[in-house]
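Because the structure is predicted, anything quoted here is derived from the model rather than measured. Order of listing sets the numbers, starting from 1, for every ligand and every atom in it.
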Amino acid sequence: MNFYYEKDGIKAINEFIDTQKPSQVIVLTDDNTQKYCLPTLKQQIKHKFTNVNIKDGDVNKNLEALSSIWQHLLELGVDRKALMINLGGGVVTDIGGFAAVTFKRGIDFINVPTTLLGMVDAAIGGKNGINFKDAKNQIGTIVQPSFIWINSEFLTSLPKDEFMSGFAEMLKHGLISDAQYWQDLVAYSRNNDMEILPDLIKASVQIKQNIVEIDPNEKSVRKILNFGHTLGHAIESYMNYQQENKISHGYAVAIGMILGAYLSYKNENFKITDVNTIKDVILKNYPLINFDNPAIEKIIDLLKYDKKNENGKVQFVLLSEIGKAVYNKEVSLNDIKEAFEYYLS
Ligand SMILES: NC(=O)c1ccc[n+]([C@@H]2O[C@H](COP(=O)([O-])OP(=O)(O)OC[C@H]3O[C@@H](n4cnc5c(N)ncnc54)[C@H](O)[C@@H]3O)[C@@H](O)[C@H]2O)c1
């Protein structure tokens, strides 16, 4: 998989179009990326393109939006030699990738992530798809884009909460595979040195890509990318479907990582001092949420829907040390409750 960074990306897009000579270029956006990111692309792309737009937000990553994209492609007379450029966050790259791989059995597509979460996570790895009947990411494929352009310039218009949502995935990358990178991120969270952000993003991209290359279909090591996500997803579902207070993905994963670190201490001899450091770093950057006992029970109940479950058992990713993760670990209900007590203490 080729990645192009900063200004090299637009050169790569122009060269790709010059050499591949697609019959048409379609740029998919959502309401925000149409407003904030499309003008930048428009200024720099040398070729004619048609913009197709969808409404923003994960609630719109659905069959209706997918159908509207297919409909536009049909009306535009798009053939198999067309190129689609997905310009947006995870919603646009997920639904756009799926639209591209299914239309006429597949047209070329390039991912241009515009959120931090998109750059370090969603746009990489080839997973694409839509939500279906309130269940997340139920329909999709794993097909790699032609390449990915990571341009940190797009982040200037991104709201702070969205930025922090992506930053949680970067922290995860440090915790599961690179202790020095974790230290660099902790330093960044204190000094917010924007100059080093592009390098930090690049390191995160490489961590995810290295793991995906070894195990593209998530049969083994790719599972470690789910650290913090087992309880994180359950918290996200609980808050977003059962509560007034919504939570974004990265914020829920941040809580999931504190709980995951504690479960690692209980089950994998992970040092309690490291658990405390993780909790401290995360709570300096993400708000503490006061779950009462009924909420904790409901969250635990939601674990039964986790995609990694095997034979009815919930499988966790845990840490053996900072920078090293293990997967397919079962933990007791009691430990999970204790982990929540630790989080709230
Ligand atoms: N395919 C994968 O491997 C993978 C991995 C993680 C997450 N995901 C999916 O990604 C989605 C979440 O991605 P996300 O966090 O990027 O959300 P998103 O795409 O919904 O973007 C978040 C918000 O930011 C806006 N936005 C995007 N870029 C902007 C910019 N540069 N300036 C201003 N506003 C901008 C969007 O319009 C949206 O309102 C979920 O659907 C999730 O399931 C997929």
heavy-atom search around atom 30 (C) of ligand 1 in the protein gives Ser157 OG, 3.5 Å
Please work out which of His249, Lys61, Glu153, Glu162 has its closest non-hydrogen atom nearest to atom 42 (C) of ligand 1.
Lys61
Of all the heavy atoms in Cys37, does at least one lie under 4.0 Å from an atom in ligand 1?
yes
Is the distance between the ring centroids of Tyr265 and Tyr262 under 6.0 Å?
yes
With a sphere of 6.0 Å drawn around NZ of Lys219, does it hold more than 12 non-hydrogen atoms of other residues, nucleotides or ligands?
no
heavy-atom search around atom 28 (N) of ligand 1 in the protein gives Thr114 OG1, 2.8 Å
Is Asp30 touching ligand 1 with its side chain, its backbone, both, or neither, if touching means heavy atoms under 4.0 Å apart?
side chain
Protein contact to atom 20 (O) of ligand 1 [nearest heavy atom, distance to 0.1 Å]:
Val91 CG2, 3.3 Å
Any luck finding a side-chain donor-acceptor pair between Lys61 and Asn137 under 3.5 Å?
yes
Give a yes or no on whether the ring-centroid distance for Tyr188 and Phe167 is below 6.0 angstrom.
yes
If you measure from each non-hydrogen atom of Gln34 to ligand 1, which part falls under 4.0 Å: side chain, backbone, both or neither?
neither
For Glu64, does the CD atom have more than 12 heavy-atom neighbours from other residues, nucleotides or ligands under 6.0 Å away?
no
Exceeds 12 heavy-atom contacts within 6.0 angstrom, atom CG of Asn269:
no
In terms of residue, atom name and distance, what is the protein heavy atom nearest to atom 16 (O) of ligand 1?
Thr115 OG1, 2.6 Å
I need the nearest protein heavy-atom contact for atom 29 (C) of ligand 1: residue, atom name and distance, please.
Leu158 CD1, 3.6 Å
Quick one: do the Asn210 and Gln206 side chains pair a donor with an acceptor below 3.5 Å?
no
Short N or O distance, Gly57 and ligand 1, threshold 3.5 Å exclusive
no
Atom 38 (C) of ligand 1 - nearest protein heavy atom and its distance:
Asp56 OD2, 3.8 Å
Nearest non-hydrogen protein atom, atom 44 (C) of ligand 1:
Asp94 OD2, 3.3 Å
Nearest-contact summary for atom 17 (O) of ligand 1 - protein heavy atom, Å:
Gly90 N, 4.1 Å
Would you tell me whether Asn128 and Thr141 have side-chain atoms, one donor and one acceptor, within less than 3.5 Å of each other?
yes
Residues, nucleotides or ligands: over 12 heavy atoms within 6.0 Å of Tyr36 OH
no
Of the backbone atoms (N, CA, C, O) and the side-chain heavy atoms from C-beta on, which set of Asn137 has a member under 4.0 Å from an atom of ligand 1: side chain, backbone, both, or neither?
side chain
